[in-house]
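Below: the structure, in structure tokens.
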Amino acid sequence: MDKYSLSFEGIVEFVTVADAKGFSEAARRLKCSVSHVSRQVSRLEQRLGTALFARSTRSVNLTENGRQYYLQCQELVSGLSQANETVTGAQSDLQGTLRISMAGSFAEQFVAPALVAFAKLHPQLSVELDFSTRRVNFVEDGFDFAIRYGRLQDSGLVARKLADRNLMAVASPDYLKENGEPTEPEALVKHSCLITNNDTWLFERDGKEEPVKVSGRFRSNNANAIVDACRAGLGIGYMPKSSFQNAVTEGSLIPILEPFWTQNITSWVVYQNRRFLPLKARLAIDYLLEHFKDWNE
């Protein structure tokens, strides 16, 4: 094996072009010129004696040889990047701004305090928490990662399980006195239900999902608003247990339909690409995963 076959020149550019699906976006990510990226990839192809990309005026696609080479080089570049960050990070405090998108009462009550504790461990680090249910573009919106709940769309993002959570159906004593208590999930179609982000509620019966389409006159994507409406007798609520726990403990809300509650709905840490994850984000994610490893709803 000669000295050229061991050269790393052009490999970072090649992997970035493959990830970005274009030379212009790769140059933007690498903070260099398009001509530099193109030149480095061309030199790499010349050394290897094969084309790695099929280029046209509209697209850049990996060739079969390029695909095989990419699979090997991707982990190589990722490992080198993380090794560099680990060494430089060990010599200095975390700095810069960590931006996180999150939504829901779990994020407000439990994830945010954990991130406050993380920020306290790193006094040179700024932390920004954005509470929104909208789907974010990590690159354009500048978020390092997001906290999301429930089933995720297949978006090509990396998702790591943060905690499993159980749902609970509740109503106020006054509501149940006036409207009666439903004993089967399908009975909810005759009740006023308090809707969050979805008007199809999933229950479980004999290990199988049982969806029920519900309706009602109060809707909110804020868990606290749903709890308040439920306390006021506006209808039946169905959310994770932690959202209702205080109200149930004090007796203002009563659990119903318990045999049919759905178990183990997951909260996730979601991010764009493991290779482009900065050290501050990687350490924050590791901190959250460790913090919630024994979580019990």
I need the [X] [atom1] to [Y] [atom2] distance, nearest 0.5 Å.
X: Ser56; Y: Asn61; atom1: OG; atom2: CG; value: 7.0 Å
X: Arg67; Y: Leu62; atom1: CZ; atom2: CG; value: 6.5 Å
X: Leu71; Y: Leu76; atom1: CG; atom2: CG; value: 13.0 Å
X: Leu283; Y: Leu125; atom1: CG; atom2: CG; value: 9.5 Å
X: Ser126; Y: Lys280; atom1: OG; atom2: NZ; value: 10.0 Å
X: Phe260; Y: Glu184; atom1: CZ; atom2: CD; value: 4.5 Å

Spell out, as yes or no, whether a donor-acceptor pair under 3.5 Å connects the side chain of [X] to the backbone of [Y].
X: Thr262; Y: Leu202; answer: yes
X: Ser243; Y: Met239; answer: no
X: Asp144; Y: Arg99; answer: yes
X: Ser172; Y: Leu253; answer: no

Ignoring hydrogens, what is the shortest heavy-atom contact between [X] and [Y]? Give both atom names and the distance.
X: Val37; Y: Ala26; value: CG1-CB, 4.4 Å
X: Tyr175; Y: Ile236; value: CE2-CG1, 3.7 Å
X: Ser33; Y: His36; value: OG-N, 3.1 Å
X: Ala54; Y: Thr63; value: N-CG2, 3.7 Å
X: Gly180; Y: His191; value: O-CE1, 3.3 Å
X: Leu257; Y: Pro182; value: CD2-O, 3.4 Å

- Could you walk me through whether Val214 and Val189 pass side chain to side chain contact (heavy atoms under 4.5 Å, CB included), step by step? CA-CA 5 Å; Val214 299; Val189 298; 5.9 Å; no

- Item | Derivation and outcome, side chain to side chain contact (heavy atoms under 4.5 Å, CB included), residues Glu128 and Phe143 | CA-CA 9 Å; Glu128 293 183 10; Phe143 288 109; over 6 Å; no

Quick check: do [X] and [Y] have side-chain heavy atoms less than 4.5 Å from each other?
X: Asp130; Y: Ile100; answer: no
X: Tyr238; Y: Leu194; answer: no
X: Met102; Y: Leu115; answer: yes
X: Trp261; Y: Glu204; answer: no
X: Val248; Y: Met168; answer: yes
X: Glu25; Y: Lys21; answer: no
X: Val136; Y: Phe145; answer: no
X: Phe218; Y: Cys230; answer: no

Please work out which of the three classes, parallel, tilted or perpendicular, describes the rings of [Y] and [X], given edges at 30° and 60°.
X: His291; Y: Tyr287; value: parallel
X: Tyr69; Y: Phe14; value: tilted
X: Phe292; Y: Phe106; value: tilted

- Task: Given side chain to side chain contact (heavy atoms under 4.5 Å, CB included), test Glu186 with Glu210 step by step and report yes or no.
- Result: CA-CA 9 Å; Glu186 57 265 29; Glu210 186 171 321; 3.0 Å; yes

In the single-linkage hydrophobic clustering (I, L, V, M, F, W, Y; side-chain heavy atoms under 4.5 Å), do [X] and [Y] co-cluster?
X: Val111; Y: Leu289; answer: yes
X: Val158; Y: Leu288; answer: yes
X: Leu129; Y: Tyr271; answer: yes
X: Leu167; Y: Phe110; answer: no
X: Val41; Y: Val34; answer: yes

- Item | Qualifying residues under side-chain hydrogen bond (donor to acceptor under 3.5 Å, both in side chains), relative to Glu9, sequence neighbours excluded |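 By the side-chain hydrogen bond (donor to acceptor under 3.5 Å, both in side chains) rule, Glu9 matches no residue at all.
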
- Set of residues satisfying side-chain hydrogen bond (donor to acceptor under 3.5 Å, both in side chains) with respect to Glu258, sequence neighbours excluded: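 Partners of Glu258 by the side-chain hydrogen bond (donor to acceptor under 3.5 Å, both in side chains) criterion come out as none, since no residue qualifies.
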
Tell me, yes or no, whether the heavy-atom count around [X] atom [atom1], taken from other residues, nucleotides or ligands under 6.0 Å, exceeds 12.
X: Glu178; atom1: CD; value: no
X: Arg39; atom1: CZ; value: yes
X: Gln72; atom1: CD; value: no

- Task: State plainly whether the residues Glu45 and Arg55 are in salt-bridge range, i.e. N to O under 4.0 Å.
- Result: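 Salt bridge: yes.
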
Distance-only polar pair, side chains of [X] and [Y], donor-acceptor under 3.5 Å:
X: Asn221; Y: Thr196; answer: no
X: Arg148; Y: Ser267; answer: no
X: Arg29; Y: Thr16; answer: no
X: Ser38; Y: Ser35; answer: no
X: Asp164; Y: Thr266; answer: yes

- Task: Any chance you could lay out the side chain to side chain contact (heavy atoms under 4.5 Å, CB included) test for Ser252 and Arg231, step after step, and finish with the verdict?
- Result: CA-CA 6 Å; Ser252 61; Arg231 278 186 171 127; 3.2 Å; yes

